[in-house]
Amino acid sequence: MTREVRVRFAPSPTGALHIGGVRTALYNYLLARQNKGTMILRIEDTDQTRFVQGAEDYILKSLEWAGIKIDEGVGVGGPYAPYRQSERKAIYQKYAQQLLDEGNAYYAFDTEQELDEMRERLKAAGVDNQQYNSITRLQMRNSLTLSKEEVDNLITSGTPYVIRLKVPKKEEVRLNDMIRGWVMVYSSAIDDKVLMKSDGMPTYHLANVVDDYLMKISHVIRGEEWLPSAPLHVLLYKFLGWENEMPQFAHLPLLLKPDGNGKLSKRAADQLGFPIFPLTWKDPESGEVAAGYKESGYLPEALINFLAFLGWNPGTTQEIFSMDELIQAFSVDRISKAGAKFDIQKAQWFNQHYLRSKPAEELAEFLLDSLKKENVPCTLDKAIKIVSVMRDRVTFPKDFWEQGRFFFFAPTTFDEGVVGKKWNDDAVKVLSAYSQEISKLNSFDAVIAKSILEDVTKALGIGSGKIMQALRVSVTGTAGGPDLMIIMEIIGQDEVVKRITYALQTLKTVIS
RNA sequence: GGUCCGUUCGUCUAGGGGUUAGGACACCAGAUUUUCAUUCUGGUAACACGGGUUCGAUUCCCGUACGGACUACCA
């Protein structure tokens with residue numbers, strides 16, 4: 001039986017979407033598109049205490065920026081609406097009731113304090129696992145130990161209660177993960193998880209299983225952190241009678257910190273100076289602002305390509321993939337098992353690649369954007385010229401401006417290394433003569449600039465190579481950059497003369 | 001502690017019973033470039049360990065070590 005591919009990305013609106021979440025969404029999306037299936041966005045907001053204003057909108061915007069399109073779900077609607085779990089309360093209650101009726105779940109009235117005491121007691125007795133399970137539940141206050149009357153009384157009197165899953169004592173629970181193969185766990189290792197909280201909301205486990213079933217999800221692709229609870233979910237499918245409709249599971253390897261070990265965290269990213277969120281995020285509580293990939297100058301296609309390769313590869317030597325190519329090439333079998341350390345240098349390499357391959361007109365817009373912020377006027381024509389000569393030396397859009405300031409402003413300081421080494425009598429002689437010659441010209445461009453320089457150096461008997469660096473530093477203030485003659489052409493005749501003259505005056509004192 | 005998952009260059013990874021263990025990023029060197037960058041060429045660098053199975057294991061099996069995830073009325 002081949003069933004229609006329906007996958008979901010199901011984040012919680014508890015803050016900004018983590019970069020690992022973007023990769024999870026991406027893999028889901030790739031599988032959906034490849035199989036002409038459906039990509040669903042479901043918001044798992046069953047924990048009302050952790051709800052963060054604006055988080056849902058942030059998730060939507062992030063996915064949109066990344067080029068991950070949602071076919072169905074929050075923001076677009078669909079046949080299985082609502083797609084926000086907080087709006088599906090009654091549905092979960094119905095299935096919880098079914099589990100209760102069939103003896104697979106029970107009411108529990110234990111207070112937090114009683115739970116703590118139980119764990120303390122077990123710990124003191126040397127029990128390894130202090131969990132609420134087939135053994136300990138017999139000592140707790142629940143519908144298994146209390147009489148029917150007591151239970152009814154407690155409920156009607158408004159005593160808070162939860163509904164717990166009645167996990168069988170000893171049973172093998174198996175699951176065939178698409179990435180890891182068969183995983184087997186004894187039910188004795190699973191505790192009687194809370195299914196419905198005392199506020200009437202379901203926990204992740206119940207809501208997830210119910211929704212995946214009702215929304216006809218075919219593949220559950222999610223992070224490895226869910227692997228330990230997957231057997232519990234299998235148990236739920238079984239108890240609910242949905243074993244045959246159970247989706248296929250694929251638990252993705254985790255994204256790890258670049259240095260040391262452990263899950264990639266915001267803290268680690270902050271320390272190493274790279275973003276962890278797709279877009280800039282301002283925490284509504286603390287007001288703290290965290291940088292995003294977009295605002296840091298990463299192109300979405302570069303981020304996507306980079307992320308796709310963190311835990312997956314096509315098995316060929318091709319590394320550059322557009323979204324469409326990824327859709328073609330993707331396969332769950334080629335997802336690796338081990339966690340992947342996050343290497344921002346590789347991300348930068350992708351960014352550089354994608355940036356460079358854009359047409360000059362598009363790159364010019366980046367420059368113009370920066371200039372607008374600085375209130376520096378510039379024509380589109382000039383911007384195109386500048387980005388054309390700069391394109392091979394930039395990694396981020398902002399580099400055009402940051403490394404190309406001299407196209408707009410005369411240098412106020414001069415690279416000390418160059419001045420120390422190359423600013424000498426010969427250089428001064430050539431530059432004085434050269435600026436004079438240029439000032440006499442009627443027309444000026446790179447070719448003319450070059451031939452005049454050749455004439456001047458020849459006349460003075462000084463090799464042009466010896467003074468090039470001095471000329472460069474006088475015009476740009478820097479030691480490196482694109483072809484100097486073209487820079488001078490863009491800057492223009494008058495400005496070049498002015499800059500050389502200024503450098504000559506300012507740096508006079510260097511030669512003693 | 002318990003349960004589960006994992007382990008090939010510094011990093012992402014390919015590979016698979018006999019290979020010069022391949023590629024990419026990073027790094028280093030050379031060439032090109034008036035400079036920096038680009039580009040090109042080359043280089044350093046890996047099968048965690050111990051036992052099996054086998055003529056032969058990095059590859060299969062079992063242990064060990066190490067790492068990670070989970071262990072809430074969070075997801």
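Below, chains carry the letters A, B, ... as their sequence lines are ordered, and counting in each starts from 1. The model shown is predicted, which means the values in this text are computed figures rather than measured ones.
- Considering only side-chain N and O atoms, A:K197 lies under 4.0 angstrom from the phosphate OP1 or OP2 of B:rC74.
- With the nearest nucleotide of RNA chain B identified for both A:A108 and A:G315, A:G315 has the one nearer the 5' end.
- A donor and an acceptor atom never sit less than 3.5 Å apart when one is taken from the side chain of A:T203 and the other from the base of B:rC73.
- For A:D399, the side chain to side chain contact (heavy atoms under 4.5 Å, CB included) test picks out A:V394, A:T395, A:F396, A:E402, A:Q403, with sequence neighbours left out.
- Listed by residue number, the members of residues 14-23 of chain A with any heavy atom below 4.0 angstrom from RNA chain B form an empty set.
- In this view, A:A503 and A:F414, A:W423, A:S474, A:L507 satisfy the side chain to side chain contact (heavy atoms under 4.5 Å, CB included) rule, not counting sequence neighbours.
- The closest side-chain donor-acceptor pair between A:Y132 and A:N142 falls under 3.5 angstrom.
- Near RNA chain B, meaning a heavy atom under 4.0 Å away, the residues from residues 123-137 of chain A are A:D128, A:N129.
- Legend: residues meeting ring-ring contact (aromatic ring centres under 6.0 Å, His included) with A:Y161, ordered by chain and number and at least two apart, are A:Y107.
- Residue pairs meeting the side-chain hydrogen bond (donor to acceptor under 3.5 Å, both in side chains) criterion with at least one member in residues 185-200 of chain A, sequence neighbours excluded, are A:Y106-A:D192, A:R137-A:D192, A:D191-A:K193.
- Applying the 3.5 Å distance criterion, the base of B:rA24 shares a donor-acceptor pair with the side chain of A:K346.
- A:E416 is linked by a side chain to side chain contact (heavy atoms under 4.5 Å, CB included) to nothing, counting only residues two or more places apart in sequence or in another chain.
- Salt-bridge check for A:K358 with A:E301: passed, with a basic side-chain N closer than 4.0 Å to an acidic carboxylate O.
- For the contact set between residues 468-479 of chain A and RNA chain B, defined by any heavy atom under 4.0 Å, the members are A:M468, A:Q469, A:R472, A:A479.
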Hey, what are the protein-to-nucleotides 42-50 of chain B N/O distances that come in under 3.5 Å?
none

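- Counting non-hydrogen atoms under 4.0 angstrom, A:G311 reaches the backbone sugars and phosphates but no base.
- Remark: of the listed residues A:Y298, A:F306, A:Y293, A:Y298 is the sole one forming a side-chain contact (heavy atoms from CB on, under 4.5 Å) with A:N351.
- Nucleic acid contact class of A:S336 (heavy atoms, under 4.0 Å, all strands): sugar-phosphate only.
- With sequence neighbours excluded, the residues forming a side chain to side chain contact (heavy atoms under 4.5 Å, CB included) with A:S322 are A:D324, A:E325, listed by chain and number.
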List the atom pairs, with distances to 0.1 Å, where a side-chain N or O of residues 169-181 of chain A and a protein N or O form a donor-acceptor pair under 3.5 Å, not counting sequence neighbours.
unit_1: A:E171; atom_1: OE2; unit_2: A:K238; atom_2: NZ; d: 2.8
unit_1: A:E172; atom_1: OE1; unit_2: A:R174; atom_2: NH2; d: 2.5
unit_1: A:D177; atom_1: OD1; unit_2: A:H251; atom_2: N; d: 3.0
unit_1: A:D177; atom_1: OD1; unit_2: A:H251; atom_2: ND1; d: 2.7
unit_1: A:D177; atom_1: OD2; unit_2: A:I179; atom_2: N; d: 2.8
unit_1: A:D177; atom_1: OD2; unit_2: A:R180; atom_2: N; d: 2.9
unit_1: A:R180; atom_1: NE; unit_2: A:H251; atom_2: O; d: 3.2
unit_1: A:R180; atom_1: NH1; unit_2: A:K337; atom_2: O; d: 3.4
unit_1: A:R180; atom_1: NH2; unit_2: A:H251; atom_2: O; d: 2.8

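- Within residues 43-52 of chain A, the residues having any heavy atom under 4.0 Å from RNA chain B are, by residue number, A:E44, A:T46, A:D47, A:R50.
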